[in-house]
Amino acid sequence: MIPSMVRKQIDNFSLEQICLSGQCFRMKQEDGEENRYSLIAGDRYLEIEQQGNVNTFYCDEETFEHFWKDYFDLERDYADCIGRINPRDTYLADAASFGAGIRILRQDLWEMIVTFLISQQNNIVRIRRCIQNICEAYGEERTDGRGRLYYGFPKPEALAGLDEDALKACNLGYRSKYVVRAARSVVSGEIDLEAVRRMSYKKAREELLKLFGVGEKVADCICLFALHHLQAFPMDTHMIQALNAHYKRGFPNRRYKDIKGIMQQYIFYFELFGKK
DNA sequence: GCGCAGGTAGAGT
DNA sequence: ACTCTACCTGCG
C-alpha cells in the first residue's frame with residue numbers, strides 16, 4: 001500500500017523556524033534527511049517534507065483537513081500580520097522579516113501545561129530531554145507509519161498517582177512536584193481543562209495561575225501555544241532585555257492588541273537566533 | 001568551582 | 001507592592 005500524502009504550497013511557513021522558536025518541543029529535523037521533519041502531538045505522529053514553499057504532509061487528506069491544517073494555523077494570513085507592523089519600528093520589522101516562517105501552533109492543552117512547567121529556569125536542550133524522558137516512562141507506546149516505536153505524551157492519569165519527587169528520575173529536578181500536582185489537579189477535577197479551553201484569555205489565564213508552579217510567564221505560554229489566545233505576550237528574561245533595549249517607552253500594546261503573541265514570537269526568535 | 005538556563009513560591013521588608 | 005532566595009541539573 002502506498003502511504004498517503006498531502007502536498008500544499010504554503011507561504012510564511014518554515015518548519016525549521018517553528019521547530020526552533022521554542023513553542024513545540026516534539027518536532028525535530030530528521031538526521032540525514034535534509035528537509036524532513038517529524039512531529040509528535042499528543043498521540044499523533046506526522047512526517048513532513050519541506051522544499052521551499054512546497055510541503056508534503058505524510059497523512060491522509062481527511063487527517064490533514066481535520067487536524068494538521070488547524071494545528072499549524074495554516075488558515076491565517078501571516079503576511080497580513082507582518083504588514084501591520086509600524087514601518088518606523090525597524091527593530092520589529094527586522095525581527096518579523098527574520099522569523100516570517102513562524103506560526104503559532106494549536107497544541108494540546110495538557111501537553112503545554114507540563115511542557116512549560118518544565119521549561120522554567122531550564123535550557124532548551126534539557127527541556128526536550130525531560131519531555132522525552134517522561135514520554136518514555138509514562139506515555140503510551142505507539143508505532144509510526146514505518147513501524148518505528150514512539151511514545152505519546154503521558155496522560156494526567158498516568159502521572160497523578162506518582163510520588164511528588166518521582167519525576168526527578170526523568171531529570172525534572174524541583175519541577176517534578178509541579179507536574180505531579182498539576183496532574184492531580186486535572187484528575188481530581190479541581191481544574192477542568194475542557195472548561196479552560198472555552199474561556200476567554202483573561203479567564204483562562206486566571207484559572208491556569210491557580211496551578212502550583214504556574215506563574216504569569218508560564219500561564220501566557222500555555223494561553224498562546226495551546227489556547228491560541230494571540231493577545232498573550234509571555235515575558236521571559238529575553239523579552240525583558242529586548243523590551244528594555246528597544247522599547248524604553250513600552251511595547252505598543254494597543255497597535256498589536258489582537259496579535260501580540262505573534263509579535264512576541266518574532267522578537268523572541270530574533271533575540272535567540274537573529275544576532276549574527 | 002561557579003554561574004546560569006525561556007520562573008515561581010514563600011518569606012521578609 | 002516590592003525585593004530576595006531556594007529550588008534540580010547539566011554544561012561552559
Side-chain angles (χ1 to χ4, degrees), chain A residues 16-28 92 95 98-99 102-105 107 109 111-138 159 162-186 190-191 204-247 251 260-275:
Chain A
E16 186 192 6
Q17 291 189 351
I18 295 167
C19 186
L20 292 176
S21 66
Q23 52 177 312
C24 176
F25 291 94
R26 302 193 81 194
M27 171 155 55
K28 65 170 201 285
L92 189 54
F98 182 73
I102 295 173
R103 291 195 169 240
I104 310 292
L105 306 180
Q107 299 178 78
L109 177 55
E111 199 168 321
M112 290 303 99
I113 291 172
V114 174
T115 296
F116 286 97
L117 277 170
I118 291 173
S119 78
Q120 59 182 264
Q121 280 299 103
N122 210 344
N123 60 65
I124 292 187
V125 177
R126 188 172 157 211
I127 295 167
R128 285 185 203 280
R129 198 163 51 222
C130 287
I131 293 168
Q132 186 62 29
N133 289 342
I134 61 170
C135 289
E136 285 176 14
Y138 301 103
L159 302 178
L162 300 178
D163 184 273
E164 289 197 348
D165 288 331
L167 298 178
K168 287 185 178 178
C170 296
N171 286 310
L172 298 216
Y174 67 89
R175 306 162 195 86
S176 174
K177 62 173 171 296
Y178 297 164
V179 174
V180 174
R181 285 203 206 176
R184 287 178 191 162
S185 300
V186 171
E190 187 188 328
I191 182 169
R205 188 177 194 270
E206 214 171 283
E207 197 63 19
L208 291 166
L209 283 171
K210 292 179 185 167
L211 291 170
F212 184 66
V214 173
E216 304 201 336
K217 187 270 177 182
V218 167
D220 276 331
C221 283
I222 299 166
C223 283
L224 185 57
F225 303 133
L227 303 174
H228 213 73
H229 290 307
L230 301 181
Q231 313 97 298
F233 194 79
M235 281 291 274
D236 52 43
T237 53
H238 300 286
M239 290 302 294
I240 291 168
Q241 281 182 30
L243 264 53
N244 282 337
H246 303 283
Y247 296 96
F251 188 76
K260 265 169 70 182
I262 296 176
M263 300 302 151
Q264 190 274 0
Q265 279 291 279
Y266 291 146
I267 295 172
F268 178 79
Y269 181 73
F270 190 54
E271 287 297 317
L272 259 65
F273 302 104
K275 310 301 177 67

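What you see is a predicted model; the values in this text were computed from it and never measured. Every chain is numbered from 1, with letters handed out A, B, ... down the list of sequences.
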Query raised in the report: Nearest-Å distance, NZ (A:K177) to C1' (C:dT9)?
Result: 14 Å
Query raised in the report: Taking atom P in both C:dC4 and B:dG6, what distance in whole Å separates the two?
Result: 23 Å
Requested in this report: Over all heavy atoms of both residues, which pair between A:L105 and A:Q23 is shortest? Give the atoms and the distance, please.
Outcome: N-OE1, 3.0 Å
Report summary line: Separation of C:dC7 atom P from A:E164 atom CD, nearest Å, is 16 Å
Report task. For B:dA9 and C:dG10, measure between their P atoms and round to the nearest Å. Result -> 24 Å
Report summary line: Nearest heavy-atom approach of A:L209 to A:A219 is CD2-CB, 4.0 Å
**Report entry** Pairs involving residues 205-224 of chain A, ordered by first then second residue, that meet ring pair (Phe, Tyr, Trp, His ring centres under 6.0 Å) (sequence neighbours left out)
**Finding:** A:Y178-A:F212
Which side-chain N or O atoms in residues 232-244 of chain A pair as donor and acceptor under 3.5 Å with protein atoms at least two apart or in another chain?
{"unit_1": "A:D236", "atom_1": "OD1", "unit_2": "A:H238", "atom_2": "N", "d": "3.0"}
{"unit_1": "A:D236", "atom_1": "OD1", "unit_2": "A:M239", "atom_2": "N", "d": "2.8"}
{"unit_1": "A:N244", "atom_1": "ND2", "unit_2": "A:I240", "atom_2": "O", "d": "3.3"}

Query raised in the report: Reading nucleotides 6-13 of chain B from the 5' end, what letters show protein touch, with B for base, S for backbone sugar-phosphate only, - for no heavy atom under 4.0 Å?
Result: BBSSS---
Report task. Quick one: the dot-bracket string of DNA chain C, using Watson-Crick and G-U wobble pairs with both distances under 3.5 Å, [ ] for crossing pairs and | for bases paired to another strand. Result -> |||||||.||||
Query raised in the report: Atom CZ of A:R129 and atom P of C:dT9: how far apart are they, to the nearest Å?
Result: 12 Å
Query - Separation between the C1' atoms of B:dT8 and C:dC11, rounded to whole Å - result: 23 Å
Query raised in the report: What's the shortest heavy-atom distance between A:L117 and A:V218, and which atoms?
Result: N-CG1, 4.2 Å
Query raised in the report: Atom CG of A:N133 and atom P of C:dG10: how far apart are they, to the nearest Å?
Result: 10 Å
**Report entry** SB check A:E190 A:R181 (cutoff 4.0 Å)
**Finding:** no
Query raised in the report: Which residue pairs pass the side chain to side chain donor-acceptor pair (under 3.5 Å) test with at least one member in residues 117-133 of chain A, sequence neighbours excluded?
Result: A:Q132-A:E136
**Report entry** With A:Y266 via ring-ring contact (aromatic ring centres under 6.0 Å, His included) - residues at least two apart
**Finding:** none
